[in-house]
Amino acid sequence: MIEWKPLGTGARPVPQPVATPVVWAGACVGALVLVALVNTVVGSYRPELALSALSLLAALLGLCARFTAAPGTALLCWLFLNGFAIPPAGALTWAGHRDTTWLACLFTAALVGTALARLVHARAAYRRLASGHPGSDSAAGDGRYDS
């Protein structure tokens, strides 16, 4: 007969964020792939579509990152946007109002993703602690496991 036992006892900790260099590497690779995909499918004359895709990437990367990774993530995404999604490809330029807005958009997306992840993790941890069923009760063999 198989007896099910929990592997851990007590409350589960909140997941640790991914290291910042790993998030930045993901931003480099992801931004390169997204900009290349947008340029191939739509063309390089639609930077707003590339900005939307890179903002979504920054928000997704923010879900597993620390708050300190947000500025670098936004900057790396902007570099690929500015360097390869706007003609002429491969030349970095600075158009004050446009680029400031794009950097703010990418930075906000990364912050929103990180804040959302922190809120979801904190709420899940609170529910586990406030449920009134500590992890040691399930070890008594009543067949119920909290998750």
Would R98 and T93 count as a side chain to side chain contact (heavy atoms under 4.5 Å, CB included) if you check the C-alpha gap in whole Å, the side-chain angles of each, and the deciding distance to 0.1 Å? CA-CA 11 Å; R98 180 195 70 190; T93 60; 3.7 Å; yes
Would you check if the distance from the ring center of W94 to the ring center of W102 is below 6.0 Å?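 No: the rings miss the under 6.0 Å criterion.
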Nearest heavy-atom pair of [X] and [Y]: which atoms, and what distance?
{"X": "A69", "Y": "T20", "result": "CB-CG2, 3.7 Å"}
{"X": "G96", "Y": "T100", "result": "O-OG1, 2.6 Å"}
{"X": "L81", "Y": "A50", "result": "CD1-CB, 3.7 Å"}
{"X": "P17", "Y": "R118", "result": "CG-NH2, 3.9 Å"}
{"X": "S55", "Y": "A109", "result": "O-CB, 3.3 Å"}

Does [X] share a hydrophobic cluster with [Y], counting links as ILVMFWY side-chain heavy atoms below 4.5 Å and allowing steps through other members?
{"X": "L57", "Y": "L32", "answer": "yes"}
{"X": "V38", "Y": "V33", "answer": "no"}
{"X": "L61", "Y": "W78", "answer": "yes"}
{"X": "L103", "Y": "L34", "answer": "yes"}
{"X": "F84", "Y": "L92", "answer": "yes"}

Looking at OG1 of T73 and CG of L106, how far apart are the two atoms once the value is rounded to the nearest 0.5 Å?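 Interatomic distance, T73 OG1 to L106 CG, rounded to 0.5 Å: 10.0 Å.
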Mind checking the CG-CG spacing from L116 to L111? Nearest 0.5 Å is all I need.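 Separation between the atoms: 12.5 Å.
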Given 3.5 Å as the limit, does a donor-acceptor pair link the side chain of N82 with the main chain of D99, or not?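 No; zero donor-acceptor contacts below 3.5 Å.
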Is the shortest heavy-atom distance from the side chain of V41 to the side chain of R46 under 4.5 Å?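 A side-chain contact is absent here, since even the closest heavy-atom pair is not under 4.5 Å.
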Is there a side-chain contact between R66 and Q16, using heavy atoms and a 4.5 Å cut-off?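 The answer is yes, as the side chains (C-beta and beyond) meet within the 4.5 Å cut-off.
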In the hydrophobic clustering that connects Ile, Leu, Val, Met, Phe, Trp and Tyr at side-chain heavy-atom distances below 4.5 Å, which members other than L119 occupy its cluster, ordered by chain and number?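 Direct or chained contacts put L119 with none.
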